[in-house]
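Here is the structure we will look at.
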Amino acid sequence: MQLRKTFFVGLISVALLSGCSWFSGEEDVVTMSPLPKVDNQFQPTQVWSRSVGNGTGEFYSNLRPAWQDNRVFAADRRGTVKAMDIDSGKEIWSVDLSEKTGFLSRNLPALLSGGLAVANGHVFVGSEKAQVYALNAEDGTIAWQSKVAGEALSTPVVSDGLVLVHTSNGMLQGLNETDGAVKWTVNLDMPPLTLRGESAPTPAFGAAIVGGDNGRVSAVMMTQGQLIWQQRISQPSGATEIARLGDVNMTPVVVNNVVYALAYNGNLAALDLRSGQIIWRREIGSVNDLIVDGGHIYLVDQDDRLIALDTQGGVTLWRQSELLHRNLTSPALFDGYLVVGDSEGYMHWINTDDGRFVAQVKVDSSGLQSNPVVAGGKLLLQANGGEVYAFTR
């Protein structure tokens with residue numbers, strides 16, 4: 001979990017990482033579960049791996065690959081962006097977006113953040129320096145570069161001629177896909193203390209559905225940037241500032257005119273797409289993206305439990321609790337199995353019917369943080385150290 005606040009950010013982060021409750025004065029030690037022993041029913045196969053710069057290091061970032069046709073696109077935090085062949089991992093092109101400072105000086109890092117997006121012949125990526133880049137997918141040259149309202153921590157989303165960007169200061173902006181000009185800005189409001197990271201918007205029937213740091217889900221009309229509705233799914237409660245965090249940092253999922261959204265320290269909620277009214281909700285908190293598939297919801301909660309629920313009322317179908325506090329990635333659905341990575345660099349494969357482990361493999365000792373990506377019959381994982389891996393079952 002990452003926090004941001006005008007003051008004492010470092011102090012709060014140390015308190016969280018050390019497991020001490022600095023706000024309540026009570027000891028609250030969090031222990032990572034030991035690696036579960038798994039008898040592999042099959043051996044996941046690594047097809048290729050390719051280094052993309054220096055990765056993210058110890059910084060929080062959800063940089064992850066994107067793909068289109070036969071190409072995979074990936075980046076590191078410093079500013080390296082690469083295109084690779086999806087079958088072999090062979091590098092097609094590489095560009096450096098870091099800032100040139102002089103002949104004898106080291107370039108300033110671009111501080112790329114969030115995930116990459118690819119659409120209509122361009123690759124889009126944002127940065128902590130409040131910049132959004134559009135690169136030509138063919139050769140990596142910059143098509144345009146645009147200044148946005150704040151750190152671009154979410155993955156850019158392309159829809160209806162717009163590039164949608166959710167910034168760290170609670171602004172949702174619509175940029176012209178052709179030249180990057182800002183067409184509109186919506187202030188989603190935010191409390192003084194929040195988790196670091198922002199919800200990527202989900203386009204649906206001309207609206208952008210997005211979560212906010214204020215515990216609300218909002219629908220914004222994309223043509224004009226007008227707010228259609230807002231619904232709170234997380235109500236601040238608890239004795240400490242951390243306990244009252246209610247950010248909706250995950251990407252909302254829209255299926256059959258129902259919006260599924262999840263808040264930290266809050267609720268999993270199903271909302272009516274047209275009105276925003278709550279259909280049902282469950283007391284489950286998380287910052288990870290969820291999956292809705294075949295009438296089931298799959299998610300990783302804030303304590304790293306894997307949970308499957310029914311979409312009709314949110315009834316729990318199964319719960320897998322052997323990966324507690326292993327800092328799991330969001331789940332991916334690949335070849336009929338759920339797949340998650342953890343901070344020690346292991347990839348876990350789980351049966352969707354009962355939550356049992358079916359396979360496990362060590363991928364990278366630098367750890368896995370960003371979401372796995374399903375691409376062209378392969379599962380892509382980007383390790384913290386910058387290596388991108390392609391696996392098949």
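Computed over heavy atoms, backbone and side chain alike; hydrogens, waters and symmetry mates excluded.
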Next item on the list: Please answer whether the main-chain N or O of D303 pairs with a side-chain N or O of D301 as donor and acceptor at a distance below 3.5 Å.
Entry: yes
Next item on the list: Of all the heavy-atom pairs spanning D76 and G53, show the shortest one and how long it is.
Entry: OD2-CA, 3.3 Å
Check: Nearest heavy-atom pair of S168 and D213: which atoms, and what distance?
Finding: O-OD2, 4.3 Å
Next item on the list: Indicate if I209 and M222 have the same hydrophobic cluster label, given that clusters are the connected sets of ILVMFWY residues with side-chain heavy-atom separations under 4.5 angstrom.
Entry: no
Item checked: Smallest separation among heavy atoms of A332 and P372, with atom names -> CB-CB, 3.8 Å
Margin query: Salt bridge check, E322 against K37: does any charged N sit closer than 4.0 Å to a carboxylate O?
Written below: no
Notebook entry, point to check: When you check the gap from the basic side-chain N to the acidic O, do D342 and R326 get nearer than 4.0 Å?
Noted result: yes
Next item on the list: Look at atom CZ of R50 and say whether more than 12 heavy atoms of other residues, nucleotides or ligands are closer to it than 6.0 Å.
Entry: yes
Margin query: Evaluate E138 against R71 for salt bridge (Lys or Arg N to Asp or Glu O under 4.0 Å), listing each step before the verdict.
Written below: CA-CA 10 Å; E138 186 62 31; R71 293 187 178 188; 3.6 Å; yes
Next item on the list: May I ask you to check whether over 12 heavy atoms, not counting those of D354, lie within 6.0 Å of atom CG?
Entry: yes
Check: Relative to the ring of H348, is the ring of F357 parallel (under 30°), tilted (30 to 60°) or perpendicular (over 60°)?
Finding: tilted
Checklist line | Heavy-atom closest contact (V81 atom, W93 atom, distance) | finding: O-CZ3, 3.6 Å
Next item on the list: Indicate yes or no for a side-chain donor-acceptor contact from N70 to the backbone of I86 under 3.5 Å, with no hydrogens or angles considered.
Entry: no
Check: Would you say the side-chain atoms of S49 and E387 include a donor-acceptor pair closer than 3.5 Å?
Finding: yes
Check: Stepwise, does the salt bridge (Lys or Arg N to Asp or Glu O under 4.0 Å) test hold for D335 with R393?
Finding: CA-CA 7 Å; D335 204 15; R393 190 183 130 187; 3.6 Å; yes
Item checked: Cluster link F42 to L338, ILVMFWY, side chain under 4.5 Å -> no
Check: Are the charged groups of K378 and D87 less than 4.0 angstrom apart, N to O?
Finding: yes
Check: Taking N384 for the side chain and S366 for the main chain, is one N or O donor matched with an acceptor at less than 3.5 Å?
Finding: yes
Margin query: To the closest 0.5 Å, what do you measure between NZ (K82) and OG (S51)?
Written below: 5.5 Å
Notebook entry, point to check: Angle class for the W349/Y337 ring planes (parallel below 30°, perpendicular above 60°, tilted otherwise)?
Noted result: perpendicular
Item checked: Exam field: side chain T392 to backbone G377, donor-acceptor pair closer than 3.5 Å -> no
Note to self: I'd like to know if the side chain of N136 reaches the main chain of D139, judged simply by a donor and an acceptor atom lying under 3.5 Å from each other, with no hydrogens or angles considered.
What the structure shows: no
Note to self: Within the structure provided, determine whether Q173 and V148 are in side-chain contact (heavy-atom separation under 4.5 Å).
What the structure shows: yes
Next item on the list: Evaluate the side-chain proximity of L35 to Q360: yes if any heavy-atom separation is below 4.5 Å, no if none is.
Entry: yes
Notebook entry, point to check: Is it true that R77 and E128 have a side-chain N and a carboxylate O under 4.0 angstrom from each other?
Noted result: yes
Next item on the list: Indicate, with yes or no, if I279 and V253 share a hydrophobic cluster defined by side-chain heavy-atom contacts under 4.5 Å among Ile, Leu, Val, Met, Phe, Trp and Tyr.
Entry: yes
Next item on the list: Give a yes or no on this: more than 12 heavy atoms of other residues, nucleotides or ligands lie within 6.0 Å of atom NZ of K183.
Entry: no
Check: Is atom CG of D179 surrounded by more than 12 heavy atoms (other residues, nucleotides or ligands) closer than 6.0 Å?
Finding: yes
Next item on the list: Locate the shortest heavy-atom distance separating A66 from V118; write the atom from each residue and the value.
Entry: CB-CG1, 4.0 Å
Notebook entry, point to check: Yes or no on side-chain hydrogen bond (donor to acceptor under 3.5 Å, both in side chains) for T155 and R64, after CA distance, side-chain angles and deciding distance?
Noted result: CA-CA 9 Å; T155 301; R64 59 185 182 271; 3.2 Å; yes
Check: Are I284 and W280 in one and the same hydrophobic cluster, where Ile, Leu, Val, Met, Phe, Trp and Tyr link if side-chain heavy atoms are under 4.5 Å apart?
Finding: yes
Checklist line | Q230 and S218: side chain donor to acceptor below 3.5 Å | finding: yes
Margin query: For F205, is the CZ atom crowded, meaning more than 12 foreign heavy atoms sit under 6.0 Å from it?
Written below: no
Notebook entry, point to check: If only atom types and distance count, is the side chain of T80 paired as donor or acceptor with the main-chain N or O of D96 below 3.5 Å?
Noted result: no
Next item on the list: For a side chain to side chain contact (heavy atoms under 4.5 Å, CB included) with W144, tell me which candidate from V163, L135, T178 qualifies.
Entry: V163
Next item on the list: Return the orientation label for the H296 and Y298 ring planes: parallel under 30°, perpendicular over 60°, tilted otherwise.
Entry: perpendicular
Next item on the list: Kindly indicate, with the supporting measurements, whether the criterion side chain to side chain contact (heavy atoms under 4.5 Å, CB included) is fulfilled by S199 and M250.
Entry: CA-CA 5 Å; S199 165; M250 52 79 67; 5.9 Å; no
Next item on the list: Check whether any side-chain heavy atom of E177 lies under 4.5 Å from a side-chain heavy atom of V158, and answer yes or no.
Entry: yes
Note to self: Using the rule that Ile, Leu, Val, Met, Phe, Trp and Tyr join whenever any side-chain heavy atoms are under 4.5 Å apart, tell me whether I291 and I350 fall into a single cluster.
What the structure shows: yes
Next item on the list: Over all heavy atoms of both residues, which pair between M84 and A74 is shortest? Give the atoms and the distance, please.
Entry: CE-CB, 3.8 Å
